Amino acid sequence: MARKSTIIALMALTMASCSKQNPITYPEAPNDGTVDVYFGKEVNDPYRPLENDTAAETLEWVKAENAVTEEYLSNIPFRSNIRERLTQLNNYPKTGMPYKENDGKYYFYKNDGLQNQSVLYRSNTPGGEAEVFLDPNKLSDDGTSSLKGVYQSHDGKYTAYTVSNKGSDWTDIYVMDTATGQLLPDHIEWTKFTGVAWHGNGFYYSAYEKPTPGKEYSNTNEFHRIYYHKLGTPQSEDKVVFDNCKQPQHFHSVDISDDESVLMVMGGGAGKGNSLYIKNLKSPNPEWITVEGSQDHDISVIGKKDDTLYIFTSADAPKYKLMTVDVKNPERHNWKDLVPEDKDAVLVDATFAGDKLILTYDKDASHHAYVYSKEGVREREISLPGYGTLSFSTNSKDPETFYSFSSFTTPSTIMSYNAETGESKLFHATELQGFNPDDYVTEQVFYPSADGTEIPMFITYKKGLKKNGKNPVYLYGYGGFNVTLNPGFSANRLFWLENGGIYAQANLRGGGEYGEEWYAAGTKQQKKNVFNDFIAAAEYMINEGWTNKDNLVIEGGSNGGLLVGAVTNMRPDLFKVAIPRVGVMDMMRYHLFTIGWNWAHDYGKSSDSPEMASYLLSYSPIHNIKNDGTPYPAILVTTADHDDRVVPAHSFKYAATLQASDTGDAPKLIRIDSNVGHGAGKPIDKIIDEYTDIYSFIYENMGLEPK
C-alpha cells in the first residue's frame, strides 16, 4: 500500500493539467504609427504612446492587460496550492551576519519568516539579547518601503538611513539619534544611488535635482552631484561639493576614510569602470586630486592604514589585483602592487579584518577565500563545503569577523572567524522545514557555444533523477554588466526542485566569471555571443538527455529579460515557456529613459553609428518578433509600475507587439505589478504572488500538475 502511494505521488508531475483555457482576446494597445529613422533606415515604433506611463490610455491598457492575465491564471486549478507551498517554503527564520558598529554594538537583520521586510536589531554581544533598532515594516502599511542602507557616524552618535518607497530607485535620507532611536528633523528628499559619508557635524550624499512632477519614474536622470548636509539645517542649504557639469550623465558616489581624513568621489556612467578623485582633508588647502580621470577600469579604495591607501582595481589586471599608494601622492603612476593578478581566478572582493586582509576569488563562478597579511602575503585558505557564494562582515579594527556561505539548496550558514588565528566556528545555521538539502546534488558542466568557447553551467536536481529526455528544466541566465552568477539560494526555487525539476544556471559571456575579457566578449557588437551561449546551454540539456524542447523553460530578469526576449526570437522552436522579467526590450531607445544611458558601455547606442544601429536592430526583442505564423513558446512578461531602472514601457511595447503578431496559439501575457519597482526591496507577499503566477503559468503550459 505504501509503495502504491509513493508511485502515485511521483506520477503527479507527469499528469496533464485538466484545465482548458478559452482563446485569449488581447486588449488593443494605443498605436500612433510612429516611424523613426536611423541613418536613413526606417524603423517602426507603433506603440510609442505606451512610453507615457501616466497617460490615461496607457493606464486603461494596463488595467485591461492585468484583467486578461488574471482571468487566465485564475483558471489554473493548482494555482492556490502552489501559493500555499511557496508560503510554507518561505516561512523560515532568516538571520543576517552581525556587524560591529561605531557605537560598539552589534547589528544584524532578521526576518521571522514572512515579514515583508527584514528588521534591523542590535545587541551588546554577538548572539546576545537583541532589541529592535529599525523596523522598515512600520514605514508603510503595505510593506513596500524598504531600507536601502544604514550609515552610522564615526563617533556612533548618529545613524542615517536611506529608504526606498514602492521599489523605486529614488530614496529619502533620515537621521536618528543612535542611542535613543529618536528621529532628527533632518530629512533629505529625492536622492538616488547614494550612500551617506559622515564628516564632522554632517554628511555627504549624492542626488539629482527634484524631478518633474508626473515624470519621476521615466524622465532621463542627469547631473548627479555630491552635496554636504550639516545637521540641523534644511536641505535647501546643502552645499554642492563635487559636480561635473561637462558630463551630465555621470554618476558620482562618495566615501570617506574611517579617520575622516580622505574624501573620495567615484565617477561612473561613461565606461566599464569608474574614475577616482581624492581630497586629503588634512592638507592646509585641500584640493581635488584626479587619481584616475577615465572610466576604463574598476577602482575602489578598500581601506586606509596609516598613510597608505589600499586599492582594488582592474587597471592593468583583467582579473583584478590589490595596489597600495601613499595618501599624499595618490596618482596612479605612484601605485605599487600588493597582491598581483591571479591568472587562474578573478579577485572579486577584498576587505580588512583588523590588520589582515581577506580576499575572495571566483574560480569557475564559485567563491574561494584567503587570508593575507597587510604586506600582501597569502597565509591560509578559508575552508568551504563546496560550490557556493561567500560574503563577509569585517571591521578594520578587529580580526574577529563573520562570513556566510550559501549554495543552490542551502540557505545562509554564518560562521565566526578569527583572521589572526584562523579559528572558525559555527555561529548560525538556517533550518528549513520540510526540505532536506542532502536530497539534492549540484554539478558543474562545461559545454561548447557556437564559436567553440567552453561555457560553464551549474545543474541542480534531486538525487536519483534519471536522464530520461523529458525532465522539466528551468534554464536561467544573465550575461552582462560584468555580473557573475554564483551559486545562490532561493526558497522559491525549492518548489521546482522538489517537484522533480532541474535548475540550470549558465555562466554566459558578458558576465564577470573570468574577468574583463570574458565580460567584453559579451558587449556591444559581440552581444550575440551571449545569446548563442544561452541557446547552446538549452541544446546541451537536450543533447545530453536531460530534457526535450517541450519541457524546457527559460527565464531572466533585466538584462536577462533582454536575453530571454532575444533568444526566443532567434529560436522559438527550442523552448516551451519563456519568462522575460523587467527586460530591456527596446534596444533602439533604451538610453532615453531614466538611467538607461548608463548601459551604453555594454550595449552601444543606436545613435553611435550606422553599424551600431544596425547591430542593435538585428536583435532588439521588440523589433524581431516574427509575424508569419511561426509558433512561439508560451510567454509571460513581467514588469512593475514603479520600475524606474528598466521602465515598464519596454515590457509594455514588447507585449503589445507580441499580442498583435502571428506567433501561434500559445498565450502571450503580461503581468504588471503595482507599487513595486525593479525588484530590490519587494515585499515577501508580492514575491510569493509573483512566483505563484510564474510557476502556475509554466506548469499549465507544459501540461504538468505539480504536487
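Being a predicted model, the structure only gives us computed values, none of them experimental. Note that the numbering runs from 1 along the sequence shown for the chain.
In this pair, W599 and F481 present their aromatic rings perpendicular. The plane angle is above 60°, beyond the 30 to 60° band. Note on ring orientation: taking the six-membered ring where Trp is involved, the planes of Y204 and H199 are parallel (angle under 30°, cut-offs 30° and 60°).
Once rounded to the nearest 0.5 Å, the distance linking CZ of R332 with CG of D316 reads 5.0 Å. For the atom pair N201 CG and Y228 OH, the distance stands at 6.0 Å (nearest 0.5 Å). For the atom pair CD (Q295) and CE (M266), the distance works out to 12.0 Å, reported to the nearest 0.5 Å. Here CG of L183 is found 8.5 Å from OH of Y174. Values are rounded to the nearest 0.5 Å. Distance CG/L134 to OH/Y161: 5.5 Å, rounded to 0.5 Å. One finds the OH atom of Y603 at 13.0 Å from the NZ atom of K524 (value rounded to the nearest 0.5 Å).
In this structure, a donor-acceptor pair under 3.5 Å is present between the side chains of D258 and S396. With 3.5 Å as the limit, one finds a donor-acceptor pair spanning the side chains of D602 and Y519. With hydrogens and angles left out, the side-chain atoms of T308 and T324 include no donor and acceptor closer than 3.5 Å. The closest side-chain donor-acceptor pair between T394 and T401, if any, does not fall under 3.5 angstrom. Between the side chains of T351 and D349, no donor-acceptor pair is found at a separation under 3.5 Å. For the residue pair D238/H229, the side-chain donor-acceptor check at 3.5 Å is satisfied. Side chains of T171 and S164: a donor-acceptor N/O pair is absent below 3.5 angstrom, by distance only. For the residue pair S275 and E292, no side-chain donor N or O sits within less than 3.5 Å of a side-chain acceptor on the partner. Side-chain contact of Q235 with H187: a donor-acceptor pair under 3.5 Å is absent, judged by distance alone. Checking Y99 against N395 by side-chain atom types alone, no donor-acceptor pair falls below 3.5 Å.
The environment of K279 atom NZ is dense: over 12 non-hydrogen atoms of other residues, nucleotides or ligands sit within 6.0 angstrom. For D141, the CG atom is loosely surrounded, since the number of other residues' heavy atoms within 6.0 Å does not exceed 12. Residue-environment remark: NZ (K157) stays at or below the threshold of 12 foreign heavy atoms within 6.0 Å.
The side chain to side chain donor-acceptor pair (under 3.5 Å) test with D243 is passed by exactly one of R225, H252, H224, H250: R225. Under the ring pair (Phe, Tyr, Trp, His ring centres under 6.0 Å) rule, F251 has a single partner from F223, Y208, W597, which is W597. For the ring pair (Phe, Tyr, Trp, His ring centres under 6.0 Å) with F108, the lone residue among Y121, F133, F402 that qualifies is Y121.
Of the charged side-chain nitrogens involved, at least one lies within less than 4.0 Å of a carboxylate oxygen, so that E51 and R589 count as a salt-bridged pair. Taking 4.0 Å as the cut-off between side-chain N and carboxylate O, D36 and R48 count as a salt-bridged pair. At a threshold of 4.0 Å, the pair K321-D337 counts as salt-bridged, since one of the basic side-chain nitrogens sits closer than that to a carboxylate oxygen. By the 4.0 Å N-to-carboxylate-O rule, E516 lies too far from K319 to be salt-bridged with it.
Put simply, the side chain of I278 does not reach to within 4.5 Å of the side chain of T290, judged on heavy atoms. Using a 4.5 Å cut-off on side-chain heavy atoms (C-beta onward), T638 and D673 make no contact. Put simply, the side chain of D177 reaches to within 4.5 Å of the side chain of L184, judged on heavy atoms. Between F203 and I173 the shortest side-chain heavy-atom distance falls below 4.5 Å. In this structure, the side chains of F652 and V637 stay at 4.5 Å or more apart for every pair of heavy atoms. V163 is listed as a side-chain neighbour of L147, based on a closest heavy-atom distance under 4.5 Å. Side-chain contact between D362 and H367 is present, with at least one heavy-atom pair separated by less than 4.5 Å. A heavy-atom distance below 4.5 Å is found between the side chains of W335 and I299.
With hydrogens and angles disregarded, no donor-acceptor distance shorter than 3.5 Å links the side chain of S283 to the backbone of N285. Put simply, the side chain of S393 gets close to the backbone of P98: a donor and an acceptor are under 3.5 Å apart. A donor-acceptor contact shorter than 3.5 Å is absent between the side chain of D398 and the backbone of G354.
Of all the heavy atoms in L616 and M587, the pair that sits closest is CD1-O, 3.8 Å. L139 approaches S145 most closely through the heavy-atom pair CB-CB, 3.8 Å. Of all heavy-atom pairs between Q117 and P136, the closest is CB-CG, 3.6 Å. Minimum heavy-atom separation, Q152 to D103: OE1-N, 2.8 Å. The minimum heavy-atom distance linking T484 with G512 is given by the pair OG1-C, 3.0 Å. Minimum interatomic distance between P330 and V291 (heavy atoms only, all atoms of both residues): O-CG1, 3.2 Å.
A cation-pi geometry, defined here as NZ or CZ lying under 6.0 Å from the six-membered ring centre and within 45° of its normal, holds between K305 and F352.
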Are K328 and D307 close enough, and set up right, to give a salt bridge (charged side-chain N to carboxylate O under 4.0 Å, His left out), and what steps lead you there?
CA-CA 8 Å; K328 294 184 291 295; D307 287 330; 3.7 Å; yes
Check the pair Y151, W198 against ring-ring contact (aromatic ring centres under 6.0 Å, His included), reporting the backbone distance first and the verdict last.
CA-CA 8 Å; Y151 311 88; W198 284 94; 9.3 Å; no
Would you sort out whether S253 and S206 count as a side chain to side chain donor-acceptor pair (under 3.5 Å), showing the intermediate values?
CA-CA 6 Å; S253 59; S206 310; over 6 Å; no
